Amino acid sequence: MSAPAVVSVRDLASHVGEVVRVRGWLTNRRKSGGLQFLQVRDGSGTVQAVAKKDSLDAALFEALSGLGQESSLIVDGEVAADPRSPGGVELKLTGGQVIGTATDFPISNKEHSSGFLMEHRHLWLRSSKQAATLRVRARIIKSIRDYFDSRGYICFDAPMFTPAACEGTSTLFEVDYFGEPAYLTQSGQLYGEAGAMALGKIYTFGPTFRAEKSKTRKHLTEFWMIEPEIAFATLDDVMDVAEEFIETIVQDVLADCEPELTVLERDLDKLRAIKRPFKRETYDESVARMEAAGHAFKHGDDFGAPDEEFITHGSDKPVLVHRWPADIKAFYMKRDPADDTRALAVDVIAPEGYGEIIGGSERADDLAFLEEQIAAHKLPKESFEWYLDLRRYGSVPHGGFGLGLERTVAWICGTKHIRECIPFPRMLYKIYP
RNA sequence: UCCCCGGUAGCUCAGUUGGUUAGAGCAUCUGACUGUUAAUCAGAGGGUCGUCAGUUCGAGUCUGACCCGGGGAGCCA
């Protein structure tokens with residue numbers, strides 16, 4: 001007799017009445033005399049398998065009764081709809097095989113501290129909320145690629161090793177590059193600009209590294225960023241793309257990941273509300289709102305976490321804040337022709353306290369201005385000669401933005417800490433496992 | 001880097017003004033139970049109280065230094 005067909009737990013409901021095979025790991029077991037209820041997880045979901053002593057091979061029944069949490073096993077059984085079973089269907093066991101035993105799995109169904117879970121990240125990934133978060137992450141990545149690929153953008157990979165900073169040198173990881181200092185990239189943007197001059201519309205997507213001594217729920221030292229760059233785009237064009245892009249990602253996830261969002265206990269109505277248009281206001285308008293409400297803030301400063309919360313308070317959508325004071329923004333941003341003290345920059349601030357998920361701008365396209373800025377920021381001009389070439393040879397208005405992937409995942413999943421939004425987070429002083 | 005909080009069983013924690021043999025729940029192990037839902041019930045094993053030094057007749061408890069973890073700030077996506 002041939003082995004039953006292997007079926008994913010997620011698909012079991014369409015196999016009621018059939019004898020199938022499930023391969024996975026034991027998450028929990030309850031015994032009641034001659035009955036065993038085995039919770040079997042296969043990565044797509046968890047199903048209850050029922051073993052009856054009087055209808056199963058005695059040796060197998062005995063072997064199952066000694067299995068510890070996270071032992072791996074193959075189980076064969078008839079799929080039966082049963083309201084008594086969590087999930088609605090269960091497997092009435094007819095056979096099976098223990099593959100790998102496990103004893104004293106460190107992560108139980110009870111509470112653990114985040115420090116303990118982080119030390120066991122490689123095992124924590126098996127728990128339902130972590131797995132659901134990473135499934136949503138994967139869906140977001142697909143949505144990001146689909147959005148740009150379907151609109152004529154070319155995927156353009158920027159290098160990880162770079163000779164110099166693009167936004168200041170204090171937060172770079174230095175590496176030894178054949179005896180010369182090099183740095184891990186903190187943004188692919190400058191290279192993306194070269195790509196836009198070659199291909200029209202591009203996006204970079206890859207890991208970026210920042211040696212900031214940040215110890216907050218919103219920071220990683222290694223995080224993934226998606227950075228579109230568009231030739232001939234103005235700041236308004238950039239904001240239009242950012243809005244449509246965010247709406248598309250959120251609605252894609254809603255359409256495809258409702259089971260995961262339910263596991264994560266996410267309020268779906270909050271995500272359904274993410275539809276254009278979003279609120280747009282200038283930095284000065286934001287500050288005026290803060291002042292009118294008595295919210296303490298020094299005009300000219302960048303927004304801190306409480307300020308970002310204020311900006312989106314009472315709004316269920318992201319808010320776009322544009323035209324920032326130029327001296328708190330990067331050297332490559334274009335000045336507002338209507339006010340030289342303002343940069344044509346935009347930050348997109350996510351609702352519910354998730355903070356800035358996008359930073360973008362129209363780029364400075366004038367050679368002389370950029371040379372001034374590089375000098376004013378005390379950047380090594382020789383490292384930027386290639387970048388200045390982009391202005392020497394057919395410079396055009398252009399712009400783009402960077403979206404932080406993990407912050408976006410955290411917001412959409414409703415995850416409090418960004419460390420759960422990447423398989424193996426890299427944080428201040430933390431690089432294991 | 002700065003500010004707060006913490007470190008006691010595998011995990012999560014309690015531990016009185018310093019005082020006999022440091023406790024609980026969960027987990028583990030043994031036993032009972034043929035429909036459990038974080039099953040339940042009975043029993044058992046399990047500790048260098050973060051490290052070092054100090055105060056004291058006596059330190060899990062008080063003091064100092066250091067190590068590790070958590071939360072927040074600044075900075076950023």
Side-chain angles (χ1 to χ4, degrees), chain A residues 27-39 46-56 61 65-66 68-70 80 82-88 90 92 102-120 123-124 127-128 167-168 170-172 186-189 207-227 242 301-308 328-330 345-350 354-360 401-411 416-419 421-422 427-430 432:
Chain A
T27 63
N28 198 9
R29 186 191 57 242
R30 288 178 284 273
K31 280 192 278 192
S32 183
L35 269 181
Q36 292 186 62
F37 302 95
L38 310 165
Q39 308 301 322
T46 301
V47 67
Q48 170 164 286
V50 184
K52 287 192 179 182
K53 191 170 192 172
D54 55 17
S55 61
L56 201 65
F61 190 89
S65 75
Q69 185 186 348
E70 289 303 321
D82 193 321
R84 295 172 298 184
S85 179
E90 65 179 22
K92 295 188 179 306
T103 51
D104 298 326
F105 188 73
I107 299 174
S108 70
N109 294 323
K110 292 282 184 175
E111 306 169 272
H112 296 287
S113 64
S114 55
F116 178 83
L117 291 169
M118 282 303 302
E119 282 172 24
H120 297 83
L123 303 176
W124 188 24
S127 64
S128 59
E167 302 186 18
S170 62
T171 61
L172 290 168
Q186 59 183 180
S187 164
Q189 183 207 307
T208 52
F209 308 88
R210 298 197 184 171
E212 291 162 3
K213 302 251 171 122
S214 302
K215 199 172 175 302
T216 81
R217 69 181 66 174
K218 292 176 185 166
H219 286 84
L220 299 168
T221 56
E222 176 183 305
F223 66 97
W224 285 64
M225 192 150 64
I226 178 106
E227 297 177 279
D301 281 359
D302 205 347
F303 293 164
D307 310 318
E308 289 181 344
I328 58 169
K329 285 293 180 183
V346 59
D347 281 4
V348 181
I349 302 169
Y354 284 93
E356 183 183 350
I357 54 172
I358 277 181
F401 61 81
L403 172 112
L405 177 64
E406 288 77 14
R407 286 187 183 177
T408 303
V409 175
W411 166 46
K416 282 287 162 269
H417 202 300
I418 196 170
R419 66 186 160 216
C421 297
I422 185 169
M427 298 183 293
L428 184 60
Y429 306 133
K430 207 180 285 293
Y432 179 91

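Since this is a predicted model, take the numbers as computed values, not measurements. So that the names make sense, note that chain A is the first sequence line, chain B the second, and so on, each numbered from 1. When reading the values below, keep in mind they use all heavy atoms of this one structure, side chains included, and skip hydrogens, waters and symmetry mates.
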### Query
Rounding to the closest angstrom, what is the interatomic distance between B/G23 and B/G45 at atom C1'?
16 Å

### Summary
Ranking A/K329 and A/S114 by the position along RNA chain B of their nearest nucleotide, the one closer to 5' is A/S114

### B/C52 to B/U28 separation - C1' atoms, rounded to the nearest Å
34 Å

## Note on the structure
Atom CZ of A/F223 and atom P of B/C76 are separated, to the nearest Å, by 12 Å

### Query
Hey, does A/E308 reach any base, or is it just sugar-phosphate, or nothing, if we go heavy atoms under 4.0 Å?
base

### Message
Within the 4.0 Å heavy-atom criterion, would you say A/H120 contacts the bases, only the backbone, or no part of the nucleic acid?
### Response
nothing

### Message
For the C1' atoms, the ones on B/U40 and on B/C26, what distance do you get once it is rounded to whole angstrom?
### Response
15 Å

### Summary
In A/E212, A/K213, A/Q186, A/R210, the residue satisfying side-chain hydrogen bond (donor to acceptor under 3.5 Å, both in side chains) with A/T171 is A/Q186

### Message
Go nucleotide by nucleotide along RNA chain B from the 5' end; which of A/D347 and A/M118 gets its closest nucleotide reached first?
### Response
A/M118

### Query
A/H219 has an atom NE2; how far is it from atom P of B/U1, in whole Å?
17 Å

#### Entry: Presence of donor-acceptor pair under 3.5 Å, side chain of A/H112 and base of B/C11
no

### Of the listed nucleotides B/C33, B/G35, B/A77, the one nearest the side chain of A/K31
B/C33

### Message
At 4.0 Å (heavy atoms only), tell me whether A/E90 reaches a base, stays on the sugar-phosphate, or touches nothing.
### Response
base

### Message
Check whether A/T208 reaches the backbone of A/F223 with its side chain - one donor and one acceptor, N or O, closer than 3.5 Å.
### Response
yes

### Query
Between atom CG in A/L123 and atom P in B/G10, what is the gap in whole Å?
18 Å

### Task
Give a yes or no answer on whether the side chain of A/T216 reaches the backbone of A/K218 with a donor-acceptor pair at less than 3.5 Å.
yes

## Note on the structure
So NE2 of A/H417 and NE2 of A/H219: to nearest 0.5 Å the spacing works out to 11.0 Å

### Task
State which of B/U12, B/A77, B/A73 makes the closest approach to the side chain of A/S113.
B/U12

### Task
Using a heavy-atom cut-off of under 4.0 Å over every strand shown, decide if A/F116 touches base, sugar-phosphate, or nothing.
sugar-phosphate

### Query
Across the strands shown, which category fits A/R29 at heavy-atom distances under 4.0 angstrom: base, sugar-phosphate, nothing?
nothing

### Message
Determine whether a donor-acceptor pair (one donor, one acceptor, N or O, separation below 3.5 Å) exists between the side chain of A/Q36 and the base of B/U36.
### Response
no

### Message
Given B/G74, B/G70, B/U1, identify the nucleotide with an atom nearest to the side chain of A/L428.
### Response
B/U1

#### Entry: Span that lies between the C1' atom of B/U8 and that of B/C13, in whole angstrom
9 Å

### Message
With hydrogens left out and only the distance checked, is there a donor-acceptor pair under 3.5 Å joining A/K416's side chain and the base of B/G70?
### Response
no

### Message
Please report the distance, rounded to the nearest Å, between CD in A/E70 and P in B/A27.
### Response
16 Å

### Message
So, OP1 or OP2 of B/U1: does either fall under 4.0 Å of a side-chain N or O from A/Y429?
### Response
yes

### Task
Give the nucleotide from the list B/U28, B/C33, B/G71 with an atom nearest to the side chain of A/K215.
B/G71

### Query
Hey, does A/Y354 have a side-chain heavy atom less than 4.5 Å from the side chain of A/K416?
yes

### Query
Rounding to a whole Å, what distance do you find between A/F303:CZ and B/G74:P?
13 Å

### Task
Have a look at A/T208 and say if it touches a base, only the backbone sugar-phosphate, or nothing, with a 4.0 Å heavy-atom cut-off.
nothing

#### Entry: B/C2 versus B/A59 - spacing of their C1' atoms, nearest Å
33 Å

### Task
Take atom P in B/U51 and the same atom in B/U56, then report the distance between them in whole Å.
23 Å

### Task
Indicate yes or no: at least one non-hydrogen side-chain atom of A/Q36 is less than 4.5 angstrom from one of A/V50.
no

### Query
Taking atom P of B/C29 as reference, at what distance in whole Å does atom CD of A/Q69 sit?
12 Å

#### Entry: Donor-acceptor pair between A/E227 and A/S187 side chains, under 3.5 angstrom
yes

#### Entry: Nearest-Å distance for atom pair CG/P, residues A/N28 and B/C26
14 Å

### Query
Of the nucleotides B/C75, B/A77, B/U36, which has the atom closest to the A/F37 side chain?
B/U36

### Message
Given B/U12, B/G74, B/U34, identify the nucleotide with an atom nearest to the side chain of A/S214.
### Response
B/G74

### Message
Just to be sure I understand the rule, does A/F401 reach a base, reach only the sugar-phosphate, or reach nothing, if contact means heavy atoms closer than 4.0 Å?
### Response
nothing

### Task
Check every strand shown and say whether A/K430 touches a base, only sugar-phosphate, or nothing at a heavy-atom separation below 4.0 Å.
sugar-phosphate

### Query
Distance from A/R407 atom CZ to A/M225 atom CE, nearest 0.5 Å?
10.5 Å

### Message
Does any part of the side chain of A/L123, heavy atoms only, come nearer than 4.5 Å to the side chain of A/F105, both counted from C-beta?
### Response
yes

### Query
B/A77, B/U28, B/G35: which one has an atom nearest the side-chain heavy atoms of A/D104?
B/U28

### Task
Rounded to whole angstrom, note down the P distance from B/A27 over to B/G15.
24 Å

### Query
Which part of the nucleic acid, if any, lies within reach of A/I358 when heavy atoms closer than 4.0 Å are counted: base, sugar-phosphate only, or nothing?
sugar-phosphate

### Task
Give the rounded distance in Å between these two atoms: NZ of A/K52 and C1' of B/U34.
7 Å

### Query
What pair of heavy atoms forms the shortest contact from A/K92 to A/A80, and how long is it?
CE-CB, 3.8 Å

### Message
Using the C1' atom as the point on both nucleotides, what is the distance between B/C49 and B/A44, in whole Å?
### Response
24 Å

### Task
Runs of at least three consecutive Watson-Crick or G-U pairs, both distances under 3.5 Å, are what I'm after; which ones involve RNA chain B?
B:1-7 with B:67-73, B:10-13 with B:23-26, B:28-32 with B:40-44, B:50-54 with B:62-66

### Query
So A/F116 and A/H120, would you call those rings parallel, tilted or perpendicular, with 30° and 60° as cut-offs?
tilted

### Message
Check this one for me: any side-chain N or O of A/K213 less than 4.0 Å away from OP1 or OP2 of B/U1?
### Response
yes

